[in-house]
Amino acid sequence: MRSEMSDEPLVHVENLKKHFPIRRGIIFQRQVGAVQAVDGISFDIHRGETMGLVGESGCGKSTTGRTMLRLYPPTEGSVLFGGKDIFKSNGRDLLAIRRQAQMIFQDPYASLNPRWTVNAIVGEPLWVHGLAKGRAQTERVQELLKLVGLNPMYVNRYPHEFSGGQRQRIGVARALASAPEFIIC
């Protein structure tokens with residue numbers, strides 16, 4: 001199957017590290033150590049390829065994903081997406097990368113704004129990336145809801161009106177909204 005894919009990886013992760021500082025002191029907090037959540041991992045993901053990180057709870061799988069998309073600042077290493085360094089990108093370059101690289105968050109309760117309707121939540125990537133506004137946005141959100149198995153008429157409901165599984169589907173619809181090349185789950 002590799003022959004159908006480009007030799008250049010879609011995602012190249014090199015020596016990725018994410019350490020969280022441990023601080024002591026009430027007034028003068030000083031770093032006394034660090035939790036090494038991710039400590040020097042490297043891998044490639046090609047177009048059309050699926051990769052799974054496996055490990056026990058707390059071993060750094062979610063931290064790896066969040067750091068790869070720069071939701072957490074890296075301690076060290078690099079992540080190239082389509083040949084562009086995510087950690088060195090900013091402004092329009094970073095916005096373009098974020099359109100193509102999305103994340104489905106593990107916790108559907110914490111990842112959905114309780115004050116926003118489903119239309120606003122799922123439609124945000126459409127609005128941010130200039131893909132659809134107004135009626136066209138609502139229609140696309142309804143298509144996405146249908147795609148993930150939710151009633152398209154739920155666009156004006158709020159997250160608290162859904163079960164955990166339905167909330168997770170809303171998160172999936174949001175991740176799919178910008179038609180990304182790469183999704184971290």
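Here the structure is a predicted model, which means the values were calculated and not measured.
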Is the closest side-chain heavy-atom distance between [X] and [Y] below 4.5 Å?
X	Y	answer
Leu71	Met103	yes
Arg24	Gln29	no
Pro74	Thr67	yes
Ser78	Asp85	yes

Decide side-chain contact (heavy atoms from CB on, under 4.5 Å) for Ile97 and Ser89; before the verdict, give the C-alpha distance in whole Å, the side-chain angles of both, and the deciding distance to 0.1 Å.
-> CA-CA 9 Å; Ile97 290 169; Ser89 297; 3.5 Å; yes

Atom pair NZ/CD1 of Lys61 and Ile41 - distance to nearest 0.5 Å = 11.5 Å

Report the distance from atom NZ of Lys133 to atom CG of Leu131, rounding to the nearest 0.5 Å.
-> 10.0 Å

Closest non-hydrogen atom pair between [X] and [Y], with its separation:
X	Y	value
Thr63	Ala37	CG2-CB, 3.9 Å
Ala132	Ala136	CB-C, 4.0 Å
Leu94	Arg70	CD2-NH2, 3.4 Å
His46	Asp7	NE2-O, 3.2 Å

Would you say [Y] ends up clustered with [X] if hydrophobic residues are merged whenever their side chains have heavy atoms under 4.5 Å apart, either directly or through other cluster members?
X	Y	result
Tyr158	Tyr154	no
Leu80	Met51	no
Phe87	Phe43	yes
Met68	Tyr72	no
Val35	Val32	yes

Between side-chain atoms of residues 112-123 and protein atoms elsewhere (two or more places apart, or another chain), which donor-acceptor pairs fall under 3.5 Å?
from	atom 1	to	atom 2	distance (Å)
Asn113	OD1	Arg115	N	2.9
Thr117	OG1	Asn119	N	3.4
Thr117	OG1	Ala120	N	3.2
Asn119	ND2	Thr138	OG1	3.1

Mind checking what makes side chain to side chain donor-acceptor pair (under 3.5 Å) contact with [X], not counting sequence neighbours?
X	result
Gln106	Ser62
Thr50	none
Asn156	none

When the side chains of residues 14-22 are checked against the rest of the protein, which donor-acceptor pairs come out under 3.5 Å, sequence neighbours left out?
from	atom 1	to	atom 2	distance (Å)
Glu14	OE1	His12	NE2	3.2
Asn15	ND2	Glu76	OE2	3.0
Lys18	NZ	Pro73	O	2.8
His19	NE2	Asp39	OD1	3.0

For [Y], does its backbone N or O pair with a side-chain atom of [X] as donor and acceptor, under 3.5 Å?
X	Y	result
Gln100	Ala96	no
Gln31	Gly33	yes
Gln166	Ser163	yes

Under 3.5 Å, sequence neighbours excluded: what are the donor-acceptor pairs made by side chains of residues 167-185?
from	atom 1	to	atom 2	distance (Å)
Arg167	NE	Pro159	O	3.0
Arg167	NE	Phe162	O	3.2
Arg167	NH2	Pro159	O	3.4
Gln168	NE2	Phe105	O	3.1
Arg169	NH1	Val148	O	3.2
Arg169	NH1	Gly149	O	3.2
Arg174	NH1	Ser111	O	3.0
Arg174	NH2	Ser111	O	3.4
Ser178	OG	Arg99	O	2.8
Glu181	OE1	Arg47	NE	3.1
Glu181	OE1	Arg47	NH2	3.1

Between Glu143 and Lys146, is there a side-chain N and carboxylate O pair less than 4.0 Å apart?
-> no

Full working for side-chain contact (heavy atoms from CB on, under 4.5 Å) between Leu69 and Val79 | CA-CA 8 Å; Leu69 293 182; Val79 175; over 6 Å; no

